[in-house]
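All values reported here derive from a predicted model rather than from experimental measurement. Counting begins at 1 with the first residue of the sequence.
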Amino acid sequence: MAGLDDQTPFLFRDSTDKATFDDAVWGRVFNHRRDRLREPLAVCRARIVADVVAAVELGRERNCRVSVRSGGHAWAAWSVRHGAVLVDLADLVDADGSRISYDEDTQVVSCSPSTTGEALNTFLSAVDGGKGRMFAGGHCPDVGLGGFLLQGGMGWNCKNWGWACESILAVDVVTADARPLRCSTAEHADLFWAARGAGPGFPAIVTRFHLATRPATQLYQSLYMFPIADFRPALQWVVDLCCCSSVSNLAPLSSHHNSHTPQLSPTADADTEIVVVTSCLSPSDETPTVLANLTTFKPSLAAAQAALQPIHDSLPSTLSPSATVFCQHTTLAAEYGKQRAANPEGHHYISDNAYVVADGTADIDIAELLAGPFTALPTRKACALWFSMAPTAQRALPDMALSLHSEHYVALYAVWEGGTDPAAGSSPSAGKDDDGERCAAWVANAMAGIERHSVGSYLGDADFQVRRTRFWSEGAGQRVRAVRRAWDPAGRICGFLDVGDASGVDGLRNEFEWL
């Protein structure tokens with residue numbers, strides 16, 4: 001390629017020793033369930049925006065696609081594409097050499113896509129004269145903001161504060177024809193629309209996010225642990241707290257918005273995040289525990305107690321926790337640490353999810369629907385999660401690609417150690433992996449029962465190679481395709497990694513495979 005020299009950040013497969021190239025390809029991929037048959041043509045370790053431009057130009061000259069890696073946390077390793085130029089944004093900085101910058105006047109933070117939520121909030125904790133700000137990024141500390149925000153961003157207290165992508169004010173991008181641009185509601189608005197929910201189908205490479213922040217606050221937490229035999233009543237208690245009925249209200253699939261008028265909950269306030277997880281709390285546990293986790297973002301202990309006491313008082317007398325923690329002070333740093341322990345490095349993962357709702361004709365008993373997979377985890381490191389999305393799911397969303405959600409978010413995370421996984425293409429001669437097969441079957445069987453009671457799924461916990469479903473409303477799905485065709489008609493930027501990596505410019509079909 002014209003202009004390439006020894007100072008460029010490119011590593012080429014054919015001229016780099018195998019160990020070095022493999023590390024550049026796979027070293028930052030979180031999931032060790034890896035398809036080693038996918039081999040990029042080259043890796044670009046981008047340091048400045050000009051490197052990203054050069055990578056796109058290289059793709060054009062070599063007539064190949066360009067893939068992007070921000071944090072490397074996509075469960076299906078979307079950044080690793082066969083024959084593509086992989087642009088790794090780990091070292092990308094702004095023109096002034098910064099990864100993160102903050103404007104004291106506007107309270108807007110700007111950061112590279114590889115910045116993690118943990119790194120961003122560590123930086124923000126010291127701004128505004130030490131008073132601190134925060135951004136409701138991902139719960140997992142090592143998830144890069146690039147993929148997280150493009151997919152929508154189910155961040156801290158998303159049930160009340162809304163999706164993280166709603167706080168994007170502008171994005172800097174390099175287009176498929178190698179042009180650096182800024183996108184916002186005022187300029188290149190169609191790309192800005194797609195940057196909030198198109199996920200890996202975004203037809204450009206984001207190099208910088210400009211984000212609205214919110215005041216930093218204290219965190220307090222109540223935890224309720226129940227034996228697995230009490231899963232149904234425990235989940236139903238929490239569901240009722242969240243103003244989520246067993247019969248949920250869904251938005252028409254042809255619409256961008258949900259017109260349901262929310263009913264205010266008497267027990268859960270607007271600063272309290274509520275989640276139920278089943279998992280083995282320690283490696284020695286023989287059976288999983290049901291954990292109801294209520295985290296409230298409040299300025300003081302008194303305010304937190306006022307928020308959490310009504311929830312505590314609502315616990316039915318027929319339900320006896322095996323352990324309870326009431327209104328304990330915590331921090332984002334401590335919560336990131338818990339998430340890091342729950343998502344150990346060096347492991348194999350399979351994930352899937354659904355926005356569960358009623359079908360409009362029959363009551364859905366959410367606790368009964370989830371009882372099977374939530375109480376029979378395939379390994380001691382697996383977990384199943386129910387996340388309350390009310391009242392966010394009951395309001396109209398802004399005009400953006402993200403256009404589906406429901407009151408009940410359900411996600412399954414199968415986790416196991418070691419071994420090879422022939423299903424993932426790790427090696428043509430790989431041996432049998434009993435844990436991998438059991439985990440894959442658990443996820444597939446669970447979703448076969450759950451998906452018929454959903455409006456679709458969240459891009460962030462999906463693998464398009466495994467299950468076809470809806471990710472946007474009908475209108476938004478068509479618009480995602482239109483934006484892709486308009487901005488990348490040649491399919492230069494790798495899009496959705498579906499079966500055979502064949503979706504191309506058109507992208508995903510945005511339909512249920514079971515219909």
Side-chain angles (χ1 to χ4, degrees), residues 70-71 89-146 148-149 153-172 184 206-223 269-274 293-308 325-341:
S70 295
L89 303 176
D91 298 325
L92 185 68
V93 295
D94 203 7
D96 62 1
S98 68
R99 294 178 186 272
I100 309 173
S101 59
Y102 179 75
D103 188 310
E104 296 275 354
D105 294 328
T106 63
Q107 298 176 325
V108 171
V109 68
S110 300
C111 61
S112 68
S114 64
T115 304
T116 65
E118 181 180 41
L120 183 61
N121 278 315
T122 298
F123 172 89
L124 287 173
S125 65
V127 302
D128 274 6
K131 292 182 292 185
R133 304 285 292 179
M134 75 167 289
F135 181 76
H139 295 72
C140 293
D142 46 7
V143 170
L145 288 170
F148 173 78
L149 288 171
M154 191 175 289
W156 294 105
N157 199 25
C158 184
K159 75 181 292 293
N160 296 298
W161 295 343
W163 292 87
C165 69
E166 296 179 64
S167 295
I168 302 176
L169 301 178
V171 291
D172 296 339
S184 67
V206 176
T207 58
R208 197 85 171 169
F209 287 100
H210 305 278
L211 308 169
T213 61
R214 61 187 310 113
T217 185
Q218 300 294 310
L219 279 72
Y220 296 87
Q221 196 170 66
S222 287
L223 306 173
D269 78 350
D271 295 314
T272 303
E273 174 180 288
I274 301 179
N293 184 328
L294 301 95
T295 302
T296 194
F297 295 77
K298 293 294 185 182
S300 66
L301 174 61
Q305 289 174 333
L308 295 174
V325 174
F326 177 72
C327 202
Q328 177 177 276
H329 183 262
T330 185
T331 62
L332 279 179
E335 296 308 304
Y336 286 133
K338 294 176 187 176
Q339 289 292 328
R340 186 175 282 109

Given side chain to side chain contact (heavy atoms under 4.5 Å, CB included), test Val108 with Thr213 step by step and report yes or no.
CA-CA 6 Å; Val108 171; Thr213 61; over 6 Å; no
Keeping Asp142 on the side-chain end and Arg340 on the backbone end, is there a donor-acceptor pair under 3.5 Å?
no
Roughly how far, to the nearest 0.5 Å, is the OH atom of Tyr220 from the CD atom of Gln328?
11.5 Å
Non-hydrogen side-chain atoms of Tyr336 and Thr331 separated by less than 4.5 Å:
no
Within this structure, what is the CH2-CE distance for the pair Trp163 and Met154, rounded to the nearest 0.5 Å?
3.5 Å
Please check this pair: side chain of Thr330 against backbone of Leu219, looking for a donor-acceptor N/O pair closer than 3.5 Å.
no
For His210, does its backbone N or O pair with a side-chain atom of Ser110 as donor and acceptor, under 3.5 Å?
no
Do you know which two heavy atoms are closest between Asp103 and Asp105, and how far apart they sit?
OD1-N, 2.8 Å
side-chain contact (heavy atoms from CB on, under 4.5 Å) with Phe209: which of Ser112, Cys165, Pro113, Ser167?
Pro113
4.5 Å side-chain heavy-atom contact, Arg133 and Val109
no
With side chain to side chain contact (heavy atoms under 4.5 Å, CB included) as the criterion, how do Leu149 and Val206 come out once you've worked through the C-alpha distance, each side chain's angles and the decisive distance to 0.1 Å?
CA-CA 10 Å; Leu149 288 171; Val206 176; over 6 Å; no
Residue pair Lys338 / Asn293, side-chain heavy-atom distance below 4.5 Å
no
Counting N and O atoms only, with roles assigned by atom type, does the side chain of Ser114 sit under 3.5 Å from a partner on the main chain of Leu89, one being a donor and the other an acceptor?
yes
Between Asp94 and Asp96 (side chain of the first, backbone of the second, donor and acceptor by atom type, cut-off under 3.5 Å), is there such a pair?
no
Side-chain heavy atoms of Val171 within contact of Arg208, under 4.5 Å:
no
Only one of Glu273, His329, Glu335 passes side-chain hydrogen bond (donor to acceptor under 3.5 Å, both in side chains) with Gln221, and that residue is Glu335
On a heavy-atom basis, which atom in Cys111 and which in Leu145 lie closest, and how many Å separate them?
SG-CD1, 3.6 Å
